[in-house]
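Structure record follows, encoded as structure tokens.
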Amino acid sequence: MYSSLVRIQNTFGFFTTVAFVVAAFVALSDFVAPRTPVIHSLKTTNLQVVRGRPHYYSSKKEEYAIIKFSLDADLSSLFTWNTKQLFVYITAEWPSTTPSGATIASNATANQAVIWDSIITAPSSDHLANIGPATLKKLKKSAAGKPIDPSRGKLSLKNQRPKYQITHPSGKMASTEDVTLRLHYNVQPWVGLLTWNQNVDYGRWLKLQGGLSKKFNLPALKKKDEGKAKS
């Protein structure tokens, strides 16, 4: 006869196998739900280049860019019953140049910097949100009784101030040309693989529509004491 230890091991192995099979079905179910993310509008509203210390821990002064933007996006289709949270971020991208100022025609040498990001939780993971008690209470109340709240994926930002300033190892950012803003997203499920925004269609998962702003040039250097001098 089997000992108690062997029986416990067999029982544990059986339940582990069942849990693995159920998790696999849950992960595969994501491919059935359609994804149709759309960016209706992504544009800049205010551009500044200032010379100073971009961060409190910066050891030297350098040029940094402040880019305000407006965003109108519908990412509601990315929320399913298996979605834990959605990570959305916007980057500024511009081509690299040689010391003489000529543009390097290679995508591998392009510069990219994050200017804004946000974590959007599903109702089932609101307790994981890094927010204050009052805000968390309002968030839970707005989604009471909803296992899925697609409205959270609808973003409407007007003249949004960036979370991060843009810098460059050279310390120069003024008059940078051909800059664009690009939206990215990362879907984090409860069970399954992390998925990022895609450039091609995969079955019912459609590529991101829009997501790229028009090209723009950063302005010339704006000194912090310029306004005081004028007054």
(message) Just to verify, what does Tyr57 make a ring-ring contact (aromatic ring centres under 6.0 Å, His included) with, not counting sequence neighbours?
(response) His55
(message) Which residues end up grouped with Phe20 if you chain together Ile, Leu, Val, Met, Phe, Trp and Tyr wherever their side-chain heavy atoms are less than 4.5 Å apart?
(response) none
(request) For Asp117, check side chain to side chain donor-acceptor pair (under 3.5 Å) against everything at least two apart and list the hits. (result) Lys163, Tyr164
(request) Go through the structure and list residues passing side chain to side chain donor-acceptor pair (under 3.5 Å) with Thr195, not counting sequence neighbours. (result) Arg35
(message) Checking Trp116 against Thr91 for the side-chain contact (heavy atoms from CB on, under 4.5 Å) test, could you report, in this order, the C-alpha distance in whole Å, the side-chain angles of both residues, the deciding distance, and whether it holds?
(response) CA-CA 7 Å; Trp116 177 87; Thr91 58; over 6 Å; no
(message) According to side-chain contact (heavy atoms from CB on, under 4.5 Å), who are the partners of Val26, at least two apart in sequence or on a separate chain?
(response) Val22, Trp81, Asn82, Val191
(request) Using atom types as modelled and distance alone, determine if a side-chain donor or acceptor of Asn217 lies under 3.5 Å from a backbone N or O of Asp178. (result) yes
(request) Could you walk me through whether Phe69 and Asn46 pass the side-chain contact (heavy atoms from CB on, under 4.5 Å) test, one step at a time? (result) CA-CA 7 Å; Phe69 64 93; Asn46 185 271; over 6 Å; no
(request) Report yes if the side chains of Ser41 and Leu71 come closer than 4.5 Å at any heavy-atom pair, otherwise no. (result) no
(message) Using the rule that Ile, Leu, Val, Met, Phe, Trp and Tyr join whenever any side-chain heavy atoms are under 4.5 Å apart, tell me whether Val88 and Leu157 fall into a single cluster.
(response) yes
(message) Give me the atom names and distance for the closest heavy-atom approach of Gly211 to Leu42.
(response) O-CD2, 3.8 Å
(request) Please examine the side chains of Ile66 and Val49, heavy atoms only from C-beta on, and report whether any two atoms are closer than 4.5 Å. (result) no
(request) Please write out which residues are connected to Val200 in a hydrophobic cluster, directly or through intermediates, given that two of Ile, Leu, Val, Met, Phe, Trp, Tyr count as joined at side-chain heavy-atom separations below 4.5 angstrom. (result) Leu28, Phe31, Tyr202, Trp205
(request) Please indicate whether Asn159 has more than 12 foreign heavy atoms, meaning atoms of other residues, nucleotides or ligands, lying under 6.0 Å from its CG. (result) yes
(request) Sort and list the pairs that fulfil ring pair (Phe, Tyr, Trp, His ring centres under 6.0 Å) and have at least one residue in residues 167-200, not counting sequence neighbours. (result) Tyr89-His184
(request) Grab the two heavy atoms, one from Pro37 and one from Ser77, that are nearest each other, plus how far apart they are. (result) N-OG, 3.6 Å
(request) Indicate the atoms forming the closest heavy-atom contact of Lys207 with Asp201, along with that distance. (result) N-OD1, 2.7 Å
(request) Could you list who else is in Leu5's hydrophobic cluster, with ILVMFWY side chains joined at under 4.5 Å, directly or through other members? (result) none
(message) For Asp72 and Ser156, which I'm curious about, is there any donor-acceptor pair between the side chains at under 3.5 Å?
(response) no
(request) Please report the shortest heavy-atom distance between Arg161 and Lys68, naming the atom on each side. (result) NH1-CE, 3.8 Å
(request) Just jot down the side-chain contact (heavy atoms from CB on, under 4.5 Å) partners of Thr83, sequence neighbours excluded, or say none. (result) Phe79, Thr80, Val187
(request) Could you please spell out the steps behind the side-chain contact (heavy atoms from CB on, under 4.5 Å) verdict for Leu155 and Ile120? (result) CA-CA 10 Å; Leu155 305 178; Ile120 307 172; 3.8 Å; yes
(request) Ignoring hydrogens and angles, tell me if any N or O in the side chain of Glu63 forms a donor-acceptor pair with the backbone of Ala174 under 3.5 Å. (result) yes
(request) Could you go through the side-chain contact (heavy atoms from CB on, under 4.5 Å) check for Phe14 and Val18 one step at a time? (result) CA-CA 6 Å; Phe14 172 75; Val18 172; 3.9 Å; yes
(request) Kindly compute the distance separating OG1 (Thr167) from CZ (Arg53), expressed to the nearest 0.5 Å. (result) 14.5 Å
(message) Taking Leu181's backbone N and O only, do any of them form a donor-acceptor pair with Ser213's side chain (distance below 3.5 Å, no angle check)?
(response) yes
(message) For the NZ atom of Lys84 and the CG atom of Leu86, what is their distance to the nearest 0.5 Å?
(response) 13.5 Å
(request) Would you please name every residue forming a salt bridge (Lys or Arg N to Asp or Glu O under 4.0 Å) with Glu93, sequence neighbours left out? (result) Arg182
(message) Using every non-hydrogen atom in the two residues, find where Leu208 and Val38 come nearest and quote the distance to one decimal.
(response) CD1-N, 4.3 Å
(request) Flag the pair Arg204 / Thr36 as yes when at least one side-chain heavy-atom distance between them is below 4.5 Å, and no otherwise. (result) no
(message) Contact between Arg152 and Ser76 at the side-chain level, heavy atoms closer than 4.5 Å - yes or no?
(response) no
(message) According to side-chain contact (heavy atoms from CB on, under 4.5 Å), who are the partners of Ser175, at least two apart in sequence or on a separate chain?
(response) Ala220
(message) So, using side-chain contact (heavy atoms from CB on, under 4.5 Å) as the criterion, who are the partners of Thr176 when residues are at least two apart?
(response) Trp94, Met173, Val179, Leu218
(message) Tell me whether Leu194 at atom CG has more than 12 heavy atoms from other residues, nucleotides or ligands lying less than 6.0 Å away.
(response) yes
(message) A side-chain contact here means heavy atoms from C-beta on lying under 4.5 Å apart; do Pro54 and Glu62 qualify?
(response) yes
(message) I need the minimum non-hydrogen distance between Val50 and Leu221, along with the two atoms involved.
(response) C-CD1, 3.8 Å
